[in-house]
Amino acid sequence: MGGIRQKKNEKELKDFVSWFEIPAIDFNQAVVFYNQIFDIELTQQTNEVNKMAFFPVKSGIGGAIICGPGSIPSDKGPLIYLNGGKDLNTVLSRVKSSGGQIVMSKTLIGQEEGYFAIFIDCQGNKLALHSKD
């Protein structure tokens with residue numbers, strides 16, 4: 001990985017990701033899947049075009065499950081790393097029983113960087129988990 005040069009007057013961004021959306025065809029199934037693997041309660045909102053379920057965040061980057069026109073699950077394209085908490089095996093251990101599939105089990109990146117794992121959710125989206133331990 002090479003360094004990225006900044007333009008002279010360009011300000012550094014705090015984060016390069018500001019929001020994420022995970023597409024779903026079966027909205028209710030997707031909401032149950034993420035509620036189960038993270039042991040959370042997503043907040044749902046529906047309008048005439050889309051259904052959305054928001055991941056609970058107090059600060060930092062947020063995201064949602066989205067169901068509607070153009071929201072097509074896929075195992076191709078960008079890979080989003082979700083926070084696996086203190087030990088991503090806790091979340092990963094719930095993936096299969098919630099209707100998902102583990103593609104890569106917990107793998108060490110490096111002592112400083114921590115661990116990652118890759119899974120396919122119940123809708124067919126490929127995502128990753130990251131944790132320090």
Side-chain angles (χ1 to χ4, degrees):
M1 294 179 160
I4 297 174
R5 288 186 271 164
Q6 287 184 294
K7 294 181 181 177
K8 192 173 185 177
N9 293 325
E10 190 176 332
K11 294 182 180 182
E12 277 190 45
L13 296 175
K14 179 182 173 199
D15 297 304
F16 279 88
V17 175
S18 59
W19 178 258
F20 66 88
E21 292 180 349
I22 301 171
I25 300 296
D26 186 331
F27 180 73
N28 293 329
Q29 181 187 41
V31 170
V32 168
F33 176 84
Y34 285 99
N35 280 341
Q36 287 179 347
I37 70 167
F38 284 108
D39 194 23
I40 58 173
E41 190 68 35
L42 289 116
T43 304
Q44 298 180 40
Q45 178 180 329
T46 302
N47 63 35
E48 55 279 345
V49 178
N50 295 312
K51 294 179 183 178
M52 296 183 81
F54 301 94
F55 288 88
V57 291
K58 292 181 183 175
S59 64
I61 298 163
I65 296 165
I66 184 163
C67 181
S71 297
I72 303 165
S74 175
D75 62 351
K76 296 168 182 46
L79 184 60
I80 299 170
Y81 282 73
L82 301 174
N83 188 336
K86 184 172 176 150
D87 180 354
L88 64 80
N89 271 333
T90 303
V91 176
L92 199 62
S93 70
R94 300 178 187 132
V95 168
K96 284 184 181 179
S97 64
S98 299
Q101 170 188 344
I102 297 169
V103 174
M104 180 180 287
S105 60
K106 183 177 177 179
T107 304
L108 178 66
I109 301 167
Q111 293 302 322
E112 295 292 317
E113 297 81 13
Y115 297 84
F116 79 105
I118 299 174
F119 68 96
I120 306 290
D121 74 4
C122 65
Q123 298 295 297
N125 295 299
K126 181 170 74 170
L127 295 123
L129 296 168
H130 175 262
S131 67
K132 287 293 188 173
D133 294 318

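Being a predicted model, the structure only gives us computed values, none of them experimental. Side chains are part of it too, since the values below use all heavy atoms of this structure and drop only hydrogens, waters and symmetry mates.
In the hydrophobic clustering of this structure, Ile120 does not group with Ile25; members are Ile, Leu, Val, Met, Phe, Trp, Tyr whose side-chain heavy atoms approach within less than 4.5 Å, directly or through other members. Ile37 is connected to Ile40 through a chain of hydrophobic side-chain contacts under 4.5 Å among Ile, Leu, Val, Met, Phe, Trp and Tyr, so both are in one cluster.
Applying the side-chain hydrogen bond (donor to acceptor under 3.5 Å, both in side chains) test to every pair with at least one member in residues 27-48, sequence neighbours left out, gives these pairs: Gln29-Gln123, Tyr34-Asp121, Gln36-Ser98. Evaluation of the ring-ring contact (aromatic ring centres under 6.0 Å, His included) test over residues 102-133, restricted to residues two or more places apart or in two chains, returns none. Within the structure, no pair that satisfies the salt bridge (Lys or Arg N to Asp or Glu O under 4.0 Å) test touches residues 65-78, not counting sequence neighbours. Within the structure, every pair that satisfies the side-chain hydrogen bond (donor to acceptor under 3.5 Å, both in side chains) test and touches residues 81-92, not counting sequence neighbours, is listed here: Asp87-Lys106.
Of all heavy-atom pairs spanning Gln101 and Val95, the tightest one is N-CG1, 3.6 Å. In terms of heavy-atom proximity, Ser131 sits nearest to Gly85 at CB-O, 3.2 Å. Minimum interatomic distance between Ala117 and Leu92 (heavy atoms only, all atoms of both residues): CB-CD2, 3.8 Å. Leu88 and Leu129 make their closest contact through CD2-O, 3.8 Å (heavy atoms, listed as atom of the first residue, atom of the second, distance).
Applying the side-chain contact (heavy atoms from CB on, under 4.5 Å) criterion to Pro23, with sequence neighbours excluded, gives Ser71, Pro73, Asn125. Judged as a side-chain contact (heavy atoms from CB on, under 4.5 Å), and not counting sequence neighbours, the contacts of Pro69 are Val49, Asn50. Scored by the side-chain contact (heavy atoms from CB on, under 4.5 Å) test, Ile80 finds Phe20, Leu82, Leu127 as partners (sequence neighbours excluded).
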What pairs of donor and acceptor atoms, side-chain ones from residues 51-66 against any protein atom, are under 3.5 angstrom apart with sequence neighbours left out?
none

If you apply the rule side-chain contact (heavy atoms from CB on, under 4.5 Å), what do you find for Ile109 with Glu112, and how did you get there?
CA-CA 8 Å; Ile109 301 167; Glu112 295 292 317; over 6 Å; no
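With a 4.5 Å cut-off between side-chain heavy atoms of Ile, Leu, Val, Met, Phe, Trp and Tyr, the cluster of Val32 takes in none. The hydrophobic cluster around Ile72 extends to none of the other residues, as no ILVMFWY side-chain heavy atom falls under 4.5 Å of it.
Summarising the local packing, CD of Gln111 is surrounded by 12 or fewer heavy atoms from other residues, nucleotides or ligands at distances under 6.0 Å.
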